[in-house]
Amino acid sequence: MANHYQRATATLAPKLTRGEKDREVRRNNSFAYTGCVFALLGFLIKPFAILSILGIIFSAIGLAKSHDLDGRQKVTGRGTAIAGIVLGLLGLVAFGWLLAQELA
């Protein structure tokens, strides 16, 4: 009976706040965090292709690293890496669309 109680209490971990999760992502998977920042900046600064490309590259590396962290860390940064890839691709599409508008 005591062994069952120890296992049940050992598996309960306190929930992380949003700020704590953010710090965990930056510490465990800095590539995902950096890629997301680059992609966001590339999307916001009159879609700038270089930052979007860097965001995609860093986020892809962060996504690969998140698979390595899976099982060892609670916060792997997979969501941040996916968000960086999506934002980077949207930034590239917006850049291509703006470039086509200027050339037309």
Side-chain angles (χ1 to χ4, degrees):
M1 181 77 163
N3 190 16
H4 176 70
Y5 177 74
Q6 289 173 343
R7 274 188 276 144
T9 57
T11 57
L12 295 176
K15 284 213 164 246
L16 296 174
T17 65
R18 186 177 180 137
E20 290 170 337
K21 281 185 181 180
D22 189 43
R23 281 189 289 277
E24 287 287 317
V25 168
R26 281 184 284 173
R27 187 169 42 114
N28 294 338
N29 196 345
S30 59
F31 280 106
Y33 189 81
T34 305
C36 192
V37 170
F38 277 149
L40 183 62
L41 288 174
F43 187 72
L44 292 177
I45 302 174
K46 191 182 176 187
F48 191 56
I50 301 291
L51 289 175
S52 295
I53 292 169
L54 285 174
I56 293 169
I57 292 170
F58 275 79
S59 294
I61 294 169
L63 185 61
K65 187 174 179 182
S66 75
H67 291 295
D68 293 339
L69 292 173
D70 203 17
R72 292 186 299 160
Q73 300 287 334
K74 185 174 181 178
V75 179
T76 61
R78 182 174 294 135
T80 306
I82 292 171
I85 291 171
V86 169
L87 281 172
L89 290 173
L90 287 174
L92 279 179
V93 168
F95 176 77
W97 184 73
L98 288 174
L99 185 64
Q101 293 292 324
E102 287 182 19
L103 294 177

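None of these values were measured; they are calculated from a predicted model. FYI, side chains are in, hydrogens and waters are out, and symmetry mates aren't considered; it's all heavy atoms of this structure. Here, residue 1 is the first one in the sequence, and each next residue gets the next number.
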So which pairs with a foot in residues 66-88 pass ring pair (Phe, Tyr, Trp, His ring centres under 6.0 Å), sequence neighbours left out? none

Any chance you could measure Ile85, atom CD1, to Ser52, atom OG, to the nearest 0.5 Å? 13.0 Å

Can you give me the closest heavy-atom contact between Gly84 and Ala39, atom names plus distance? O-CB, 3.2 Å

If the condition is side-chain contact (heavy atoms from CB on, under 4.5 Å), which residues does Val93 pass it with, not counting sequence neighbours? none

Not counting sequence neighbours, which residues clear ring pair (Phe, Tyr, Trp, His ring centres under 6.0 Å) with Phe58? List them please. Phe31, Phe38

Which pairs pass salt bridge (charged side-chain N to carboxylate O under 4.0 Å, His left out) with one or both residues in residues 83-92, sequence neighbours excluded? none

So the salt bridge (charged side-chain N to carboxylate O under 4.0 Å, His left out) pairs with at least one residue in residues 81-92 (sequence neighbours excluded) are none

Gly77 and Ala32: which non-hydrogen atoms are nearest, and at how many Å? O-CB, 3.6 Å

To the closest 0.5 Å, what do you measure between CG (Leu87) and CD1 (Ile82)? 12.0 Å

Could you tell me the separation between the CD1 atom of Ile53 and the CZ atom of Phe95, rounded to the nearest 0.5 Å? 8.0 Å

Closest heavy-atom contact between Ser59 and Cys36? OG-N, 3.6 Å

Over 12 non-hydrogen atoms of neighbours within 6.0 angstrom of CG in Leu99: yes

Any side-chain heavy-atom pair from Leu92 and Ile56 closer than 4.5 angstrom? yes

Restricting to pairs with a member in residues 75-95, which pass salt bridge (charged side-chain N to carboxylate O under 4.0 Å, His left out), not counting sequence neighbours? Asp70-Arg78

With side chains defined as the heavy atoms from C-beta onward, is the minimum distance between Asn29 and Thr80 less than 4.5 Å? no

